[in-house]
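Keep in mind that the numbers below use all heavy atoms, side chains included, and drop hydrogens, waters and symmetry copies.
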Amino acid sequence: MNLTCKSIGQIRTPYQTMDECPRNVEVDSLPCKIVLNNDLEDGLFGLAAGDQILVLYWMDKAAFTKLRLPSRKTGELRGVFALRTPQRPNPIGAAVVTITKISNNEITVAGLDCLDNTPLLDIKPAMGREQNPWI
């Protein structure tokens, strides 16, 4: 089955290489900007600083090679579905982050674990901590 999705913007981070990128979502890491396409800016209505959002993105620089890889954290061999590796059949990234600022079509957050200019797929409000295993 072929599926189609389109980028709704891009994620601007200070990370140019995988070695620079955090291993996971890190709250205390450098600020990142989620830049929504201008024609979608009105979709941010109702979001505010302090809100937690689920960000979905396409890790376009990733190459899928194997179903088992070493963990970047421990070195232990694990299946790609047990890791947050970008090397997966569909390189979809997901992160729950807190909005620090919204200005026009840009959302500032901290903690994203993706490379600069990563294509943005979607933004959703995050569920509460007690219901959400992502946090």
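- To the nearest 0.5 Å, the span separating CG on L121 from CD1 on I8 amounts to 7.5 Å.
- A pairwise comparison of heavy atoms in A126 and V96 identifies CB-CG1, 3.8 Å as the closest pair.
- Transitive grouping of hydrophobic side chains (ILVMFWY, heavy atoms separated by less than 4.5 Å) brings L69 and F64 into a common cluster.
- Of all heavy-atom pairs between P119 and D60, the closest is CD-OD1, 3.4 Å.
- The shortest side-chain heavy-atom distance between P14 and P31 does not fall under the 4.5 Å cut-off.
- To the nearest 0.5 angstrom, L44 atom CG is 9.0 Å from I34 atom CD1.
- Looking at every heavy atom in both residues, G46 comes nearest to D51 through O-OD2, 3.9 Å.
- Contact check for T85 versus R78: no side-chain heavy atoms found under the 4.5 Å cut-off.
- Within the model, atoms CD1 of I107 and CG of L47 stand 6.0 Å from one another, a figure rounded to the nearest 0.5 Å.
- The two residues L54 and A94 come nearest to each other via the heavy atoms CD1-CB, 4.1 Å.
- Of the possible donor and acceptor atoms, none in the side chain of D116 sits under 3.5 Å from a partner among the backbone N and O of Y15.
- Under a 3.5 Å cut-off, the side chain of T108 and the backbone N or O of T100 do not form any donor-acceptor pair.
- Side-chain contact between C114 and T13: present, with at least one pair of heavy atoms (C-beta onward) separated by less than 4.5 Å.
- Note that CG of L112 is 11.5 Å distant from CG of L115, once rounded to the nearest 0.5 Å.
- Side-chain contact between W58 and N90 is present, with at least one heavy-atom pair separated by less than 4.5 Å.
- With hydrogens and angles disregarded, a donor-acceptor distance shorter than 3.5 Å links the side chain of N105 to the backbone of L36.
- Put simply, the side chain of R88 never gets that close to the backbone of A62: no donor and acceptor are under 3.5 Å apart.
- Closest approach of A63 to Q87, counting heavy atoms only: O-CG, 3.3 Å.
- For the atom pair CE of M59 and CD1 of I11, the computed distance is 10.0 Å after rounding to the nearest 0.5 Å.
- In this structure, K33 NZ and L120 CG are separated by 14.5 Å, a value rounded to the nearest 0.5 Å.
- In this structure, the side chains of T98 and Q52 come closer than 4.5 Å at one or more pairs of heavy atoms.
- Hydrophobic cluster membership is shared by L40 and V109, with clusters built from Ile, Leu, Val, Met, Phe, Trp and Tyr side chains linked at under 4.5 angstrom.
- Within a 6.0 Å radius of CG in D39, more than 12 heavy atoms belonging to other residues, nucleotides or ligands are found.
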